[in-house]
Amino acid sequence: MHRRIIAPGALAAASLMLAIPASAASHSPGAPGIGDPYYPAYGNGGYDVSHYDLRLKYQPATDELSGTATILARTTQDLSSFDLDFLLDVSEVRVNGAKASFTTSGQHELVVTPRTPLDKGTPITVVVRYSGVPSTKSAYGFNTWHRTPDGAVAADEPEAAWWWYPSNDHPLDKATYDVSVAVPDGTQAISNGTLQSTSSQLGWTRYSWRQNKPQATYLTTLAMGKFDITTSTSEGGVPVVNAYSKDLGDNDGAARASVERTGELVDWLSGYFGPYPFSSAGGYVPNTTTGYALETQTRVYYSPKQFAKGSNASVVVHELAHQWYGDSVSLKGWKNIWLNEGFATYAQWLWSEHEGEGTTQELADYVYASHPADDAFWTVKPGDPGPDHQFDDAVYDRGALAIQELRKTVGDDAFFAILKGWPQEHAYGNASIADFQAYAEKVSGKSLGALFDTWLFQPSKPAGVALAKSAVVQPRSWKKIAAAVDGAH
Ligand code: ARG
Ligand code: ZN
């Protein structure tokens, strides 16, 4: 238990100068949430992080993680205290060099009270020393830290950071990262960006990774385990680093046959979305048992289950599409999830068409036709699905259908200009669906309010869609198209 301590120096100053309590009275605690209606306690108020430096040590045998987080930030209000989102055990916090008092609150709040209040606009350096066994910690009754037989993985959405580093856990506060992790010799540590160095000392090998472009907290990933790491450069010049657990068994070949195509697929997507926004690309396949994949920035997380039926270039296309739609251009709030999943799914449709496995229109027709009007599928509004339905099929498939409708409404020239222009318009920033609609209206010169309302914001099946002739397809093609649609998210 942590007691609040009043530093002796602060008491002496207060008794000497009346001005101090008066000015301190205008300072108030930072909000415990950043203000996202889907997740009121996620993120925090009162400061903006520019960089996280995480220097850690991990022991796979016991799942013990320890180290120091150094956070560079700037205050955005007069602050008496502020929160970080975190679950591990903290032993010391310093703000601008001075020991700060701290306590825990709510489900995942670390409340830090600096020795002296902080004025608005002050650069701050926050050092948090910590340790803990992430697999033993939970918030709201869940835990997203994935232990594996040889290590662990942090990769989930929207909650992943609480189990391994203290943060302002919301996409609105993006920052650059240095993630350096020491693991026992023979184990590897994978994270985002470029590998700056590896060094070995006293039986431990340290892997130091750098992300030099703004990155959302949930897109920051960490994996420790026994990996085979491959490096290459795409034809278009993007350096690629992939990693495969040495324990993938029967999935090993299909995993490599998919993820080794990262360079080719990054270059192919650049044709639609513009230049790849980061200085490295790649993915990793650890020996986890959960089924999803995640667009962790520059280094995509793939469950081996994504490759259980064979190679799956489609999931690689999906996760790489997110590097533009979701990672470089991030959400302003979680209700805007369609901006991520709708476009990543549409990229899979473009790939399907490229591969001759069903055109975008055939896939759109299939989604429309395969869900009758009374199917609960149509009750989920892709434009505002609610926190419990953020990753429902409707966000992905109806979401991509909405994009095909947009394409038909504005025409191919405007549509592909929008697809390529949007990631430039908001590169490394945040945006909302309303921002996207305004941008699409500007580029196309068309008023799109009714279209967006019908396809994204109505809890019912839109009527009156004239199916393309191609929707009348043979059973074998239907099966193929279903496979492309169900492919993978
Ligand atoms: N953004 C991910 C994808 O579609 C989805 C992650 C869903 N999260 C989860 N825990 N299943 O690529
Ligand atoms: Zn996705």
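These values consider heavy atoms only, across backbone and side chains, with no hydrogens, waters or symmetry-generated copies. Order of listing sets the numbers, starting from 1, for every ligand and every atom in it.
If you number the atoms of ligand 1 from 1 as listed, the ones under 4.0 Å from a heavy atom of E319 come out as 3 (C), 12 (O). Residue contact check: E295 has heavy atoms under 4.0 Å from atoms 1 (N), 2 (C), 3 (C), 12 (O) of ligand 1. Shown in contact with E157 at under 4.0 Å from a heavy atom are these atoms of ligand 1, numbered in order with element: 1 (N), 2 (C), 5 (C), 6 (C), 8 (N). For ligand 1, the atoms lying closer than 4.0 Å to a non-hydrogen atom of H318 are 3 (C), 4 (O), 12 (O). Atoms of ligand 1 found under 4.0 Å from any heavy atom of E341, numbered from 1 in the order shown, are 1 (N), 2 (C), 3 (C), 4 (O).
For the pair N168 (side chain) and N44 (backbone), a donor-acceptor distance under 3.5 Å is present. In terms of modelled atom types and a separation under 3.5 Å, the side chain of K305 and the main chain of T288 share no donor-acceptor contact.
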For the pair D267 and S270, evaluate side-chain hydrogen bond (donor to acceptor under 3.5 Å, both in side chains) and give the outcome as yes or no after the intermediate values.
CA-CA 5 Å; D267 289 351; S270 300; 4.9 Å; no
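At a threshold of 4.0 Å, the pair D89-K137 counts as salt-bridged, since one of the basic side-chain nitrogens sits closer than that to a carboxylate oxygen.
Under the 4.5 Å side-chain criterion, counting only non-hydrogen atoms from C-beta, Y301 is in contact with Y284.
Within the 4.0 Å heavy-atom criterion, the part of A293 lying near ligand 1 is the backbone and not the side chain.
Looking at residues two or more places apart in sequence or on another chain, you find a side-chain contact (heavy atoms from CB on, under 4.5 Å) between T360 and Y346, W349, L350, E353, Q404, R407.
At least one N, O or S atom of E341 sits under 2.8 Å from the Zn ion (ligand 2).
Residue contacts with ligand 1: H322 is included, with a non-hydrogen atom under 4.0 Å away.
Nearest to atom 10 (N) of ligand 1 by heavy atom, out of D156, I337, V300, is D156.
Atoms NE2 of H318 and NE2 of H322, as seen from the Zn ion (ligand 2), are separated by an angle of 100°, to the nearest 10°.
Ring pair Y439/W422 is tilted by interplanar angle, where 30° to 60° counts as tilted.
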